[in-house]
Structures are given as structure tokens and as C-alpha cells.
Amino acid sequence: MLLTIIGMIGGFLLGEERNRSVSAPEPTPTRNLVDGPLCPEQTQKAGSLYGASGQLVEVLRVRTARKTVIWICQDRAGQLYYHANKGGTDAEWVENKTALFLAGVWQDGNGAYVATAVDGAVFSVDRQRLRITHADGREEIQKVVGE
């Protein structure tokens with residue numbers, strides 16, 4: 001009888017632990033699809049390599065004081081992408097040299113678009129500035145200027 005009670009208590013505790021470790025899936029934020037100009041052809045090609053759904057539409061386009069142009073683009077599934085190129089669309093595009101394409105972009109509570117590169121650098125861009133926080137903690141801020 002004692003072993004039965006111990007077994008029941010053990011089974012109950014294991015079941016409770018399992019219930020605590022199984023978390024509910026996080027809700028996916030709903031995003032309104034934008035209707036705007038298409039992002040550059042180079043961005044369309046990079047997006048297709050990263051599994052973008054359909055054509056990428058421009059959500060944000062800014063130029064920094066260092067003449068880097070940054071596009072935040074959205075696919076038809078509502079996913080956001082970051083693409084930057086030194087010199088803009090007319091300059092040479094070499095991914096991971098003059099250009100950087102990042103998937104998994106999200107919007108923070110202040111309206112900035114945020115993406116993380118494979119080296120851990122975090123890129124945050126809005127209509128006023130580009131903030132790059134390197135993995136070692138160094139921070140670089142580039143002011144956004146008019147076209």
C-alpha cells in the first residue's frame with residue numbers, strides 16, 4: 001500500500017513538472033501589409049534566398065550621413081527584412097562587403113526596426129538614425145540625412 005501511494009505521488013509530481021515545462025506558443029504579432037514601391041532588385045534576389053514570400057515592398061528607406069542607404073522591406077507574409085548598401089542603389093553591391101541583408105527584423109516599442117547579424121551586431125534604424133551595437137558593446141550612431 002505504501003509503495004502505491006509513493007508511486008501515485010511521484011506520478012503526480014512528474015505530471016506537474018511536465019505541465020510547467022510545456023509552454024503555450026507565443027502569439028505571432030499581426031502586421032499590416034504595406035502597399036508601396038518595390039525594394040531594389042538586389043534586395044528581391046537576397047530575399048528569395050532567405051525564403052521571402054513574394055516580392056519585397058519598401059516599408060522604410062533612409063540614407064545616413066555616411067551615404068549608406070538602408071531599406072526595411074516586407075514580404076507578402078508580413079515578415080520584415082533589412083538591406084543596406086554603401087552608396088545606395090547606384091553603387092556596387094557586394095553582399096557582406098558593401099551590402100548587408102538581414103532577415104528576422106522586428107519593430108521595437110519606439111518604432112525602430114531592429115535586426116541582428118550573425119556576428120552578434122545589432123542594427124536599429126528609424127527615420128532619425130542608424131544605431132549599430134557591436135557584439136563587444138561598442139556603439140556606432142549614424143545620423144539619417146535627406147536624399
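Quantities reported herein were computed from a predicted structural model and do not represent experimental measurements.
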Would you say N110's side chain and A112's backbone share a donor-acceptor pair under 3.5 angstrom? no
Please check: side-chain N/O of Q44 versus main-chain N/O of L56, any donor-acceptor pairing under 3.5 Å? yes
Does the side-chain contact (heavy atoms from CB on, under 4.5 Å) test come out yes or no for H83 and E95, once each step is laid out? CA-CA 10 Å; H83 207 183; E95 286 301 323; 2.6 Å; yes
When you look at E140 and R66, which way does the salt bridge (charged side-chain N to carboxylate O under 4.0 Å, His left out) test go after all the steps? CA-CA 12 Å; E140 189 180 326; R66 294 186 187 169; 2.8 Å; yes
Using the rule given for side-chain contact (heavy atoms from CB on, under 4.5 Å), can you reason through I132 versus Q142, listing the C-alpha separation, both sets of side-chain angles and the distance that settles it, and then say yes or no? CA-CA 8 Å; I132 304 168; Q142 296 180 30; 4.1 Å; yes
Just wondering, do V69 and N85 contact through their side chains at under 4.5 Å, heavy atoms? no
Do V114 and Q107 touch side chain to side chain, with heavy atoms closer than 4.5 Å? no
State the CD1-CD distance between I141 and E139, to the nearest 0.5 angstrom. 4.5 Å
If we only count heavy atoms from C-beta on, is the R138 to T133 side-chain gap below 4.5 Å? no
So V62 and V125, side-chain contact (heavy atoms from CB on, under 4.5 Å) or not? Walk me through it. CA-CA 9 Å; V62 295; V125 63; 3.7 Å; yes
Check step by step if side-chain contact (heavy atoms from CB on, under 4.5 Å) holds for L130 and V144. CA-CA 7 Å; L130 166 66; V144 166; 5.5 Å; no
All heavy atoms of C39 vs all of V57, minimum pair found to be SG-C, 3.6 Å
CD1/I72 to OH/Y113 distance, rounded to the nearest 0.5 angstrom? 7.5 Å
Backbone N/O of S53 and side chain of D75: donor-acceptor pair under 3.5 Å: yes
Spacing of CD belonging to Q79 relative to CH2 belonging to W106, to within rounding of 0.5 Å: 14.5 Å
Point-to-point distance, once rounded to the nearest 0.5 Å, from CH2 of W93 to CD of Q42: 4.5 Å
Are any side-chain N or O atoms of D126 and backbone N or O atoms of R129, one a donor and one an acceptor, separated by less than 3.5 Å? yes
For atom CG of D119, is the number of surrounding heavy atoms from other residues, nucleotides or ligands below 6.0 Å larger than 12? yes
Is any side-chain heavy atom of V59 closer than 4.5 Å to a side-chain heavy atom of Q74? yes
Y81 and F101 aromatic centres sub-6.0 Å: yes
For the student: nearest non-hydrogen atoms of L102 and A117, plus distance: CD2-CA, 3.7 Å
Using the rule that two of Ile, Leu, Val, Met, Phe, Trp, Tyr join whenever any of their side-chain heavy atoms come within less than 4.5 Å, decide whether L38 and Y82 are in one cluster. yes
Spacing of R63 atom CZ and K67 atom NZ [to the nearest 0.5 Å]: 8.0 Å
Are any side-chain N or O atoms of T68 and backbone N or O atoms of T64, one a donor and one an acceptor, separated by less than 3.5 Å? no
Indicate the atoms forming the closest heavy-atom contact of V105 with A115, along with that distance. CG2-CB, 3.7 Å
